[in-house]
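Below is one structure; the comments refer to it alone.
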Amino acid sequence: MAENAAFDYVIVGAGTAGCVLANRLSADPANRVLLLEAGGRDNYIWIHIPVGYLYTMNNPRTDWRFQTEPEEGLNGRAINYPRGRVLGGCSAINGMIYMRGQARDYDHWRQLGNAGWSWDDVLPYFKRSEDHYAGADADHGAGGEWRVEEPRLSWEILDAFRAAAAEVGIPPVADFNRGDNEGCGYFQVNQRRGVRWTTAKGFLKPAAGRSNLSVVTGAHVLGIRLDGKRASGVDYMVGGERRHAAVAGEIILAAGAVASPQLMQLSGIGPGALLASHGIAVKHEMAGVGENLQDHLQLRLAFKVANTRTLNERANSLIGKIGMALEYALLRRGPLTMAPSQLGAFAKSDPGQASANLEYHVQPLSLERFGEPLHPFPAFTASVCNIRPESRGHIRIKSADPMAAPAIKPNYLSTETDRRIAMAAIRLTRRIAATNALKPFQPVEFKPGPQLQSEAELARAAGDIGTTIFHPVGTCRMGDDDLAVVDERLRVRGLQGLRVADASIMPTITSGNTNSPVIMVAEKAADMIAQDRRQR
């Protein structure tokens, strides 16, 4: 086995969080930092063209291509579960939507006993890395690494949907990121002049020339070594060669809500019975590792329309394709700059909700599933999800083989409340489609179908049209109870030299897209790591 010199910090995963951590920790030239990424370089053209998400998801070059276990709440279906497998991680394949969530999300984390995680505590970290197109103000930052811009195209049908939302009481808003995101408007996106912006571009590349930062791609981490109750290094595989990196300071897991708990379990850190069932010696019993999986389930309602153009017709026409390519090549505008969803809305499923608990992603297109051709007729999709689900699932290894995928079990729609909110979301979407603002476009629902009206029919329909919107969190959650995995400083409880800093630490899911909250987590983690080093 090849031995590396000891590092002060070994970061596992060069995704959304790992690139931030590598930048911040290597800014101190006294720190020797190793960043390990199982995927490859981000030199694939479809990473950078925004509409390329159609070609990066379910592509082994950029996606782990996970699948869930069969889901009872999805009527027995197993669904694809995309996770980034490239420098930049999910920021290289996701929807590019800049979203922080609601102030109440973080205040709730603080109320759960996690000191330092309230909205007022985390807002400075959002602002630190932000480069907002409108400049700095009380809520936004400028000059940071994380570029935020307005979308570079519009669609008549989306403008009409926004007017329709107002008719049912969802007001127009200009900015979802000031602490209360209720309303309807166009999403701000992580792009720079029509090109996808990733954490690899924003954070890692500016730091890549530092002599104290080593970046290894194609490095599949096999396990964490423990010396008693201290993490002392990692074993990993590169090109068929097994290597070891010793760590003098800390190992930081930033591999995401699927891979971070999986790696802990493979290393003997986790639920004792699960580990023993796979012949893994229990080195640190932790019942909560891999539990508390939360995700946003999107219900994709689709409507045929008339008297307007959608992406369906342009994408299915040779002339349309040539026009889109030229518009992008010459101007960096048009449909090739599209995030998967351009228009968003946050609403309440019922008046009793304290704040918006539904999120819409509205698209001027329709298709059976991502990766398949668009339908040959004009249509739009109104995808709606419950952003504060009660359902909880898990990530659990299925063998001791570190190359094998774990069992991913979100347990969607497993509570009565989640099923009730799903039915309410379908009904609200139909109300929006029936408004005067959309009447000129004659919307006709074809997914799931207007004939489905009873509670039983709508509950089954939710299971038929539901799929992930790619926001898994919570599997190494922060807290101070017996099932918490990390403390409020993201240190693995009961161990030294091991931290987790990614979406898995969230005790509850944020009320919106999760990529930018993960950047905030990494920013705050880097500060805490530096503070703890000074105190040693």
Note: [X]-[Y] ion pair, threshold 4.0 Å (strictly below):
X	Y	result
R489	D532	yes
D28	R533	no
D137	R178	yes
E416	R419	yes
R24	E145	yes
K409	E71	yes

Aromatic plane relationship, F346 with F176 - under 30° parallel, 30 to 60° tilted, over 60° perpendicular = perpendicular
ask   = What orientation do F126 and W119 show, parallel under 30°, tilted 30 to 60°, or perpendicular over 60°?
value = tilted
query = Can you name the residues that form a salt bridge (Lys or Arg N to Asp or Glu O under 4.0 Å) with R477, not counting sequence neighbours?
reply = D481
key: For E250, all residues meeting salt bridge (Lys or Arg N to Asp or Glu O under 4.0 Å), sequence neighbours excluded   = R499, R536
key: Straight-line distance of S26 OG to I11 CD1, nearest 0.5 Å   = 7.5 Å
Donor-acceptor contact below 3.5 Å, side chain [X] vs main chain [Y]:
X	Y	result
R396	Q265	no
K201	R196	yes
T381	S383	no

Do [X] and [Y] make a side-chain contact, defined as non-hydrogen atoms from C-beta onward lying under 4.5 Å apart?
X	Y	answer
N411	R392	no
V492	M286	yes
S91	W146	yes
V258	P406	yes

query = Who passes ring-ring contact (aromatic ring centres under 6.0 Å, His included) against Y53, sequence neighbours left out?
reply = none
task = Quick one: list whatever passes ring-ring contact (aromatic ring centres under 6.0 Å, His included) with H132, sequence neighbours left out.
result =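 Checked H132 against ring-ring contact (aromatic ring centres under 6.0 Å, His included); matches are H140.
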request  = Among T475, V485, I395, L253, find the residue that satisfies the side-chain contact (heavy atoms from CB on, under 4.5 Å) test when tested with S260.
outcome  =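 Exactly one candidate clears the test, L253.
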ask   = Do you know which of V173, L153, V362, L158 makes side-chain contact (heavy atoms from CB on, under 4.5 Å) with Y186?
value =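 Single pass found, and it is L158.
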task = Scan for ring-ring contact (aromatic ring centres under 6.0 Å, His included) pairs involving residues 491-536, sequence neighbours excluded, and state none if there are none.
result = none
ask   = ring-ring contact (aromatic ring centres under 6.0 Å, His included): which pairs involve residues 465-513, sequence neighbours left out?
value =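 Checked against ring-ring contact (aromatic ring centres under 6.0 Å, His included) - neighbours excluded - the pairs reaching residues 465-513 are H296-H471.
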Cation-pi check, R83 onto W64 ring (under 6.0 Å, within 45° of axis) =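 Negative - R83 is either too far from the ring of W64 or too far off its axis.
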key: Derivation and outcome, side chain to side chain contact (heavy atoms under 4.5 Å, CB included), residues E149 and W197   = CA-CA 10 Å; E149 295 188 352; W197 198 244; over 6 Å; no
